[in-house]
Amino acid sequence: MSTEQTRGWRELWRKEDWWAVWIGLSIVAAACLAFANGSSLRWLAVVPPRWTAPDALLARLAADWPRYLALLGFWLAVFALALRSVGQRVAAFVPGFAIVFAAATLIFVAGQWQGSTAFNLEPPLLALLLGLVVANTVTLPDWLAAGLRGELYVKTGIVLLGATLPLSLIALAGPVALAQASIVSLATFGAIYVAAVRLGLDRRFAATLGVGGAVCGVSAAIAVAGAVNAKREHVAITITLVILWAIAMIFALPAVAWALGLPTGVAGAWIGTSEFADAAGIAAAQAYGGLAERTGAVAGTTEQALQAFTLVKVVGRDMWIGIWAVALAIVATTRWEARPGSARPDPREIWIRFPKFVFGFLIASAIISFFTAGYSLAEYNRVVAPDLVGPIRDLRTWAFILCFLSIGLTTRLRDLARAGPRPFGAFTIGVAVNLALGAALSIWLLRDHWARLGS
């Protein structure tokens, strides 16, 4: 086996993307094995109860504390193994993660309070808000940063999300989602890039901004910045803009969708074309779906909102990361910095840059779809949903809460002020294109398709 082949195989346990796949698929496999033997992961996948009276809540938490301790041990073990394999210090991660998990537990409890439910403060959204407040008012200790692994948590959650999205639904909606995502990706990148260049920004910075808004904000910005040799501050500014606009859209998109009375599938598709980060989009879709289920004022379920969002954003837009990285690397090396004897970009970069957790998402969907193929709809709802899919969904929620809390605790609003108005102006033009084009596709042109999703 050649050195290059060996290096390729080593990526399977040396890259964070792959570890998110292994963790997520291991949970799915364990859930299927337990279900096949008449058991489930319900004991491990503990969640706080919905509550109004503190006495009843405290009694339930006192009875379930071994389950929370076991869940902490489980997440510590799998994430520590992943981080050690990619070269991170486990000793630094453990204390930071323990604090993050404790905070996530308290936030989960607060999010289950009837008052939080009434104001549509789902636990992941509450985690993000509290994280932002703390990060921008308190100086956090340096050692805590090792536990704030938002990318690893959200990628693991996305793989688990695949287990709740049937493969048949992906096949049915996939072509539409891919077409919609491709149109948005191309148009948004073009709008941001042209605006940034006309405002006098460096082309590498313009490309990083453009892909950050067109695809999957943080991951895309990092991948393309490396491909075009952008400066470190370009990446930092892009990520800050992505996060701030993504947070704003968490509140704006559900509010507008609610005012328009959109079915949850339609709202989820619009969020998928208009959001700038997977984590934020999941929070917005989950919040809108939860509000729809509780009030009955609009048609659809939380799962329909999440399914539509995932098909457009995760399956559709995120796949463009590798494509943009290669295309812009070619442009950068042949047009922007062409020099005699310079190396040609390698088309294999598409594979290198491709977000591997998307494969995990699809495989998880395939496993659950195959495993439950023999069940009728009534049997699925009565047996499979609570005992097999339910615990996976609850572990997914934990992963998202850990992710949103990490994002909130690492977002510094003052970083944007250092960048000046030009990057903000260029990115905001992309935001307008994203919103308008996403609305035209999701709410008008393809409304019937997304409204019927999963029904």
Side-chain angles (χ1 to χ4, degrees), residues 12-13 17-49 64 66-82 101 104-105 108 123-124 152-170 278 282 286 289 301-304 306-307 310 314-315 356-403 454:
L12 295 177
W13 62 88
D17 263 27
W18 280 117
W19 271 104
V21 173
W22 305 140
I23 293 170
L25 292 183
S26 295
I27 291 173
V28 173
C32 290
L33 183 62
F35 183 77
N37 287 278
S39 183
S40 76
L41 297 184
R42 172 55 56 203
W43 189 86
L44 178 66
V46 58
V47 296
D64 285 342
R67 299 172 65 189
Y68 288 96
L69 192 61
L71 183 60
L72 169 61
F74 168 76
W75 285 130
L76 263 178
V78 296
F79 289 142
L81 178 62
F101 181 85
T105 302
F108 208 159
L152 177 58
Y153 305 148
V154 75
K155 291 170 184 175
T156 302
I158 288 173
V159 175
L160 295 177
L161 182 62
T164 65
L165 188 60
L167 198 60
S168 58
L169 189 62
I170 296 177
D278 290 337
I282 288 167
Q286 184 166 308
T301 65
T302 301
E303 286 306 307
Q304 283 181 301
L306 286 171
Q307 288 168 358
T310 303
V314 178
V315 177
K356 309 304 188 299
F357 61 88
V358 173
F359 290 122
F361 168 89
L362 295 172
I363 294 170
S365 176
I367 291 173
I368 295 296
S369 298
F370 175 80
F371 197 79
T372 61
Y375 290 88
S376 67
L377 179 60
E379 291 172 331
Y380 183 93
N381 292 332
R382 188 179 69 254
V383 179
V384 177
D387 294 335
L388 174 57
V389 178
I392 296 174
R393 183 182 296 115
D394 291 337
L395 290 173
R396 178 192 77 188
T397 300
W398 276 105
F400 288 153
I401 293 173
L402 293 169
C403 164

Can you tell if the side chain of [X] reaches within under 4.5 Å of the side chain of [Y], non-hydrogen atoms only?
| X | Y | answer |
| --- | --- | --- |
| W398 | V47 | yes |
| L388 | R42 | no |
| L81 | W19 | yes |
| L160 | R393 | no |
| Q286 | T302 | yes |

Run T397 and F108 through side chain to side chain contact (heavy atoms under 4.5 Å, CB included) and show every step you take.
CA-CA 9 Å; T397 300; F108 208 159; 3.8 Å; yes

Can the ring centres of Y153 and F79 be said to be less than 6.0 Å apart?
yes

Is there a side chain to side chain contact (heavy atoms under 4.5 Å, CB included) between D387 and L41 once you walk through the steps?
CA-CA 8 Å; D387 294 335; L41 297 184; over 6 Å; no

Indicate yes or no: does D17 engage K155 in a salt bridge with an N to O separation below 4.0 Å.
yes

Tell me which donor-acceptor pairs under 3.5 Å the side chains of residues 20-37 have, and how far apart each pair is, sequence neighbours excluded?
unit_1, atom_1, unit_2, atom_2, d
W22, NE1, L12, O, 2.6
S26, OG, W22, O, 2.6
N37, ND2, L33, O, 2.8

Would you give the length of the straight line joining atom CG of L69 to atom CG of D64, rounded to the nearest 0.5 angstrom?
12.5 Å

Apply side chain to side chain contact (heavy atoms under 4.5 Å, CB included) to the pair W75 and V78, showing each step before the final yes or no.
CA-CA 5 Å; W75 285 130; V78 296; 4.0 Å; yes

